[in-house]
Enquirer: 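Shown below is the structure under consideration.
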2 protein chains.
Amino acid sequence: MKERRRVTIRDVADAAGVSVATVSRVMSGSLKVNPEMAERVRRATEELEYRPNGAAQGLASGMHRSVGVVLPDLSNPYFHGIIKATNVGAARDGYRMLVTEWQEPGEELGVCLDVLSRVDGLLVLSARMETDGLRDLAARGVPTVLVNRVELGVDLPMVAVDNFSPMLELCQHLASLGHRRVVYLAGSPGAWQNRERWKAVQQARILGLDPVMVASDATIEAGYEATDEALGHDPTALIAFNDLAALGAVARLRELGLKTPEDISVTGFDDVALARYADPALTTIVSPKAALGEQAWVMLEASLRGERLEQPPLLSATFVQRASTGPAKGSRT
Amino acid sequence: MKERRRVTIRDVADAAGVSVATVSRVMSGSLKVNPEMAERVRRATEELEYRPNGAAQGLASGMHRSVGVVLPDLSNPYFHGIIKATNVGAARDGYRMLVTEWQEPGEELGVCLDVLSRVDGLLVLSARMETDGLRDLAARGVPTVLVNRVELGVDLPMVAVDNFSPMLELCQHLASLGHRRVVYLAGSPGAWQNRERWKAVQQARILGLDPVMVASDATIEAGYEATDEALGHDPTALIAFNDLAALGAVARLRELGLKTPEDISVTGFDDVALARYADPALTTIVSPKAALGEQAWVMLEASLRGERLEQPPLLSATFVQRASTGPAKGSRT
DNA sequence: AAGATCTGAGTAAACGCTCTCTAGGAGGGC
DNA sequence: GCCCTCCTAGAGAGCGTTTACTCAGATCTT
C-alpha cells in the first residue's frame, strides 16, 4: 500500500508547461485561455489522472460546491422522492449533495453549523428542529431553504406542499361515506405538517366528522402502536399522519381481526411507493415530491447566488381514493 | 443579510491572548497545554462561537474526518439499517458520513474518486460498480470497505452476510411444504448477493426443488412486473431476490386474483421493516443489518488508521417463517 | 508610426488550519 | 551555582487552490 503522493495542480502545470493559474482557468472553464494551451492542459490532466482537491478549492474560493441536507429519518421513503429530485438539480448545477440524518432535537443547530463548515447552503427537511435554531441560521445569512415547514417568524425561503386542502378533501370523502367518529393518528407534535393536517381534520367538523387526536408518529411502528388507543374511541375511520403510520395501523387492525375497510377505514398521506402496493391499497394524498425537491433546489440555488426568489405558493397535492376506505360500518350509505 | 466575516482561529487566539498554535492544540485535545490557558481558549471559543473550517482542517492535516458511502438506491430500506449503524460508529469516532447515491454503472468510479477529494475513505454498498473500478481503488491505496460484495480478485477488506446458507434453509422450508416448481425472481445480474442466492436455490435441487430464474430487480416495481413472466412457469412458490420484490410480486398476484400463500407462496430476503407488517407477513431471511453496518465501520476505521484487520467471516442471517408461505397447492403435505 | 487599449499568461498573495521546529524558562544533577 | 535536560508555547512554513495583479505582446487609433 505505497502512499503515492497525490497529483496536484502544480504537477499538471509542469507537465503541460504552463502556470498553475492557467491550469486553474482551464479547469474552471474560463474562456480567456488559448485553445491550444487548454488542450495541452486537458491532456496532462487526463494522463496524470489529476483530481482537484476539494478541500483546497473550498478554502481558496470560499465555495464548496456542495449543499447539506438535514433530515430526521433516512428510512422514511417520503424524503427519498424529494431529495432525489433535489439531487438532480444540484448535479445539473455542479453541486454535490450531502445527506445528514439527525434525530435528536436540540443538537440539530449544532450539526447544521458543523456541516456548514464544508457546505455552502442547507436544505432543512427536519420538522423537529427548533425555530430558534432556524432563526439563528437566518440571522447568520446562511443560505437555507425550509422544506415542508412554514415558519412565520423566520426569514427564510420555504417550499411546502399544501396539507390543508387535500386533507379536507380526504375528510369530505370520509364524510360522504358516512363516517363520523374518526381518529387522527398524529405526527410529530411540533411539526408544521402535523398542525396543518390536524387543523383540516378539525375543520371537517363542519362536514359532520367528529375527530379525536391520538398521539403517534410518522413511522410504521408508531402507527401500529397507536392503533389500540385509537380503537378506544370507537372510530369508523383512522386518519393517519402519513402512509407509514397508516400501514402500521392496518397491520395492527388485521392482527386484531378487523378488516380494512370493511370494519374500519384507514387513510394515509404522501403516497409513498408502497401505498399503491399494500393490501388494501391505501387511500391517500399524492404529494408532489419531485416538484417539491426541484423547487427546493431552485430556491436554494438562488440563495447561494445571494439572490432571494419570491416566496412561491404552496404546491398542491391531490387526494386519491384507493381500497383502504369504504362506507362507515353501521351507516346506510 | 450582512456578510459577517467568519470567525477564525486567529480571532480566538487574539481573544484568548495566546497563539494560534495553542488554540489548535486545545481544540484537538492535546494534553500538553496549561490548563488555565486551555480554559481561556475554551471560553473565547465559546464566546465567539468559533467553528473550525472543515476545508482548512482537511487541507492542512490531510484528513477530512469524514467518509463517503456510495450506494445504488437510497430508497431501498435495506441500506438504511446498515448505514444507520455505520453512522453511529462513525460519529462515535468523530467522523462524519456522506451518503452519495449513484446508479449508472460506469460512472461510479469517477464519482468515488470525486467524492474522495473530500473524504478519507469509502464504503461501497453498490453492487453494480465494476470490479475494475474497485481494483483501481485498491491499487490507489484508498481506504475502502466493500459491503455485501465478495470479490476474490480485489484486495480490499469486505464485510458481508452469508446469503447461501439461509437461502438454502428457506428452500428447505419450501421443499418441506411440498413445493417443487419454484421461480427465483433475480436481483441485479452481476451482484454477488444475487449469485449467491441463486446458487443456493439451484443447490436446492437436491431437496427436490425445480427452480427457474426470471429476470427482475431489487425493487417493488420490478417484482411486480416480473410476476407475470414468473407465472408462465407455473410455479407453486416465488423466491424473490429481496423483500421489496416479494412485496411487488404479492401485489401483482393479488391483482390477478391469486392469494398468498393459498395459491402461491412468496418469500423475501433482508427483513426490512415492512416485511413484518405486510399482508401476508413475509417469510424471509433476517439479515443482521446493524451488525453489518457496525462491522463495516470497524473495518473502515482500521483502514483509515492504515491498519488492516483480519478478514472477518460472513455474518449469519436467519430464516424466519411468517405468513407468506404455505403448503404447495396440489400437494398433500 | 507612436502611443493607447486590450488580451491572455504568469506571479504571488491569500484562504484557515496543522504541525514541526525553535526558543526560553523551569527543574535537576553535580 | 552552573550546565544540561525537559517541557511548553509561539513562530512560521506549508497544505492545494483561486484570484487579484502584473506585465508582455498584439491590436487599434489617429
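It should be emphasised that the depicted structure is a prediction, and the values quoted were computed from it without experimental measurement.
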Enquirer: Under the salt bridge (charged side-chain N to carboxylate O under 4.0 Å, His left out) rule, collect the residues that match up with A:Asp14, sequence neighbours excluded.
Expert: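 Salt bridge (charged side-chain N to carboxylate O under 4.0 Å, His left out) list for A:Asp14, sorted by chain: empty.
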
Enquirer: What's the CG-P distance between B:Asp120 and C:dT18, to the nearest Å?
Expert: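 To the nearest whole Å, that distance equals 14 Å.
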
Enquirer: Sequence neighbours excluded, which residues qualify as salt bridge (charged side-chain N to carboxylate O under 4.0 Å, His left out) partners of B:Glu301?
Expert: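 Scan of B:Glu301 (salt bridge (charged side-chain N to carboxylate O under 4.0 Å, His left out), adjacent residues dropped) gives B:Arg305.
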
Enquirer: How close or far is atom P of D:dC7 from atom CE of B:Met37, stated in whole angstroms?
Expert: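 That distance rounds to 18 Å.
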
Enquirer: Return the value, rounded to whole Å, for the distance between atom CE of B:Met63 and atom P of C:dC19.
Expert: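 Taking CE of B:Met63 and P of C:dC19, I get 10 Å after rounding.
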
Enquirer: Just grab all the salt bridge (Lys or Arg N to Asp or Glu O under 4.0 Å) pairs involving residues 54-63 of chain A, residues at least two apart or on different chains.
Expert: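 Checked against salt bridge (Lys or Arg N to Asp or Glu O under 4.0 Å) - neighbours excluded - no pair reaches residues 54-63 of chain A.
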
Enquirer: Whole angstrom is fine here: how far is it from NE2 in B:His64 over to P in D:dC15?
Expert: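 Computing the B:His64:NE2 to D:dC15:P distance gives 15 Å.
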
Enquirer: Rounded to whole angstroms, how far apart are CD on A:Glu36 and P on C:dT7?
Expert: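 It works out to 20 Å between those atoms.
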
Enquirer: Once salt bridge (Lys or Arg N to Asp or Glu O under 4.0 Å) is applied, what residue pairs with a partner in residues 141-152 of chain A remain, sequence neighbours excluded?
Expert: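 For residues 141-152 of chain A, and leaving out neighbouring residues, the salt bridge (Lys or Arg N to Asp or Glu O under 4.0 Å) pairs sorted by first residue read A:Arg149-A:Glu151.
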
Enquirer: Using whole Å, what does the distance between atom C1' of nucleotide C:dC19 and atom CG of B:Leu59 come to?
Expert: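 Rounded to whole Å, this separation is 14 Å.
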
Enquirer: Using the C1' atoms of five pairs at each end, what's the angle between the two axes of the helix from C:dA1-D:dT30 to C:dC30-D:dG1, to 10 degrees?
Expert: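 Helix axis angle between the two ends: 40°.
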
Enquirer: Looking at residues at least two apart in the chain, or sitting in another chain, which of them share a salt bridge (charged side-chain N to carboxylate O under 4.0 Å, His left out) with B:Arg65?
Expert: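 Per chain and number, B:Arg65 pairs via salt bridge (charged side-chain N to carboxylate O under 4.0 Å, His left out) with no residue.
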
Enquirer: Which pairs with one or both residues in residues 70-101 of chain B pass ring pair (Phe, Tyr, Trp, His ring centres under 6.0 Å), sequence neighbours excluded?
Expert: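 Qualifying pairs: A:His80-B:His80, B:Tyr95-B:Trp297.
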
Enquirer: Report the distance from atom CZ of A:Arg6 to atom P of D:dG16, rounded to the nearest whole Å.
Expert: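 For the pair A:Arg6 CZ and D:dG16 P, the rounded distance is 8 Å.
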
Enquirer: Strictly below 4.0 Å: does B:Thr8 bring a side-chain N or O up to OP1 or OP2 of C:dG16?
Expert: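 For B:Thr8, the contact criterion (side-chain N or O under 4.0 Å from OP1 or OP2 of C:dG16) is not met.
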
Enquirer: Is the closest basic N to carboxylate O distance between B:Glu36 and B:Arg40 below 4.0 Å?
Expert: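 Answer for the salt bridge query: yes.
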
Enquirer: Where along nucleotides 18-26 of chain D does protein come under 4.0 Å, by heavy atom, of base (B) or sugar-phosphate alone (S), with - for untouched nucleotides?
Expert: BBB------

Enquirer: Between A:Asn34 and B:Val7, just flag the one whose closest nucleotide in DNA chain C comes earlier from the 5' side.
Expert: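 Whichever sits nearer the 5' end wins; that is A:Asn34.
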
Enquirer: Taking the side chain as every heavy atom from C-beta outward, state whether B:Val161 and B:Pro288 have any pair of such atoms under 4.5 Å apart.
Expert: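 Yes; the side chains approach each other to less than 4.5 Å.
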
Enquirer: Applying salt bridge (charged side-chain N to carboxylate O under 4.0 Å, His left out), name anything that partners A:Arg10, two or more places apart in sequence or on another chain.
Expert: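 Not a single residue meets the salt bridge (charged side-chain N to carboxylate O under 4.0 Å, His left out) criterion with A:Arg10.
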
Enquirer: Let me know the distance between CG of A:Asp14 and P of C:dT11, rounded to the nearest Å.
Expert: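 Taking CG of A:Asp14 and P of C:dT11, I get 11 Å after rounding.
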
